[in-house]
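Keep in mind the model is a prediction, meaning the values are calculated, not measured.
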Amino acid sequence: MGRPVHGVLPRLFLDHFHDTSFVAERSGSGLAGFLVGFGSPAQRDCAYVHFAGVAPEERGSGLGRLLYREFFDMAARDGRRVVRAVTAPVNSASIAFHAAMGFTVTGPVDAYDGPSSAKVTFERRLD
């Protein structure tokens, strides 16, 4: 089952990071998946995946892996050496996916985004 993404994916990400984000569309039938990411302006060796999603009927097709590989390639061409991301501890599917993609999984880290906001962190070296 999918979940609405509008509330966690404000327009500003699409307006400002469309050059470093990816969208996969089904032929004539809408969105299959997406990855919104960017190179960190403060940490020149780091890129960050803010949000990625795959339509429920596309899960298991390899689309998520393809989107991440495209992002890894783009980040490496830009001189980035590490990709990071976070998720909520309850998101077991995301944790398993990131581990399978070669990310180091850490956490949950208590108060990551403030009180009562634990996060699991992911890091993958590109070199």
Side-chain angles (χ1 to χ4, degrees):
M1 174 178 213
R3 62 185 168 112
V5 298
H6 186 283
V8 294
L9 189 58
R11 178 180 172 157
L12 74 93
F13 284 97
L14 303 175
D15 286 348
H16 295 281
F17 302 117
H18 58 85
D19 288 344
T20 57
S21 299
F22 301 91
V23 173
E25 295 179 296
R26 288 187 217 110
S27 179
S29 63
L31 185 66
F34 63 91
L35 183 149
V36 176
F38 53 89
S40 170
Q43 300 173 22
R44 284 293 307 149
D45 69 333
C46 179
Y48 181 79
V49 175
H50 171 65
F51 199 51
V54 174
E57 58 275 11
E58 299 291 334
R59 292 183 186 149
S61 70
L63 179 57
R65 283 190 268 300
L66 176 66
L67 291 166
Y68 265 78
R69 284 190 197 115
E70 289 294 322
F71 186 76
F72 295 158
D73 290 346
M74 181 273 317
R77 284 191 306 272
D78 192 39
R80 310 299 172 147
R81 295 182 304 190
V82 64
V83 173
R84 293 189 178 114
V86 302
T87 196
V90 298
N91 194 341
S92 58
S94 177
I95 295 166
F97 172 81
H98 284 86
M101 288 294 298
F103 282 83
T104 299
V105 179
T106 304
V109 178
D110 290 333
Y112 182 89
D113 274 329
S116 303
S117 181
K119 296 287 187 224
V120 173
T121 64
F122 307 116
E123 180 174 294
R124 185 178 189 275
R125 303 286 312 170
L126 298 178
D127 45 13

If the condition is side-chain contact (heavy atoms from CB on, under 4.5 Å), which residues does [X] pass it with, not counting sequence neighbours?
X      : result
Ala118 : Pro89, Pro108, Asp110
Tyr48  : Phe38, His50, Arg84, Val86
Ser92  : none
Asp78  : Arg44, Arg80

Tell me who clusters with Val90, hydrophobic residues only, linked when side chains sit under 4.5 Å apart either directly or through other members. none
So if you build clusters from Ile, Leu, Val, Met, Phe, Trp, Tyr with side-chain heavy-atom gaps below 4.5 Å, do [X] and [Y] land together?
X      : Y      : value
Phe122 : Tyr112 : no
Val36  : Val54  : no
Leu126 : Leu35  : yes
Phe71  : Val23  : no
Phe34  : Met101 : no

How would you list, by chain and number, every residue that makes a side chain to side chain donor-acceptor pair (under 3.5 Å) with Ser21, sequence neighbours excluded? none
Does Ser94 have any side chain to side chain donor-acceptor pair (under 3.5 Å) partners at least two apart in sequence or in another chain, and if so, which? His98
Any pair counted as salt bridge (Lys or Arg N to Asp or Glu O under 4.0 Å), so long as it reaches residues 85-99, sequence neighbours left out: none
Please report the shortest heavy-atom distance between Leu31 and Gly33, naming the atom on each side. CD1-O, 3.4 Å
For Leu63 and Ala24, the nearest pair of non-hydrogen atoms, with its separation, is CD1-CB, 3.7 Å
Can you check whether Phe17's main-chain N or O pairs, donor with acceptor, with Thr20's side chain at less than 3.5 Å? yes
List the steps and the verdict of side chain to side chain contact (heavy atoms under 4.5 Å, CB included) for Met74 and Phe22. CA-CA 10 Å; Met74 181 273 317; Phe22 301 91; 4.2 Å; yes
For [X], enumerate each residue passing the salt bridge (charged side-chain N to carboxylate O under 4.0 Å, His left out) test, keeping only those at least two apart in sequence or located in another chain.
X      : answer
Arg26  : Glu57, Glu58
Asp45  : Arg81
Asp127 : Arg125

Could you walk me through whether Phe103 and Phe97 pass side chain to side chain contact (heavy atoms under 4.5 Å, CB included), step by step? CA-CA 9 Å; Phe103 282 83; Phe97 172 81; 5.9 Å; no
Given the rule in the side chain to side chain contact (heavy atoms under 4.5 Å, CB included) test, do Tyr68 and Arg124 qualify, once you have shown the distances and angles that lead to the verdict? CA-CA 11 Å; Tyr68 265 78; Arg124 185 178 189 275; over 6 Å; no
Indicate yes or no: at least one non-hydrogen side-chain atom of Glu123 is less than 4.5 angstrom from one of Thr106. no
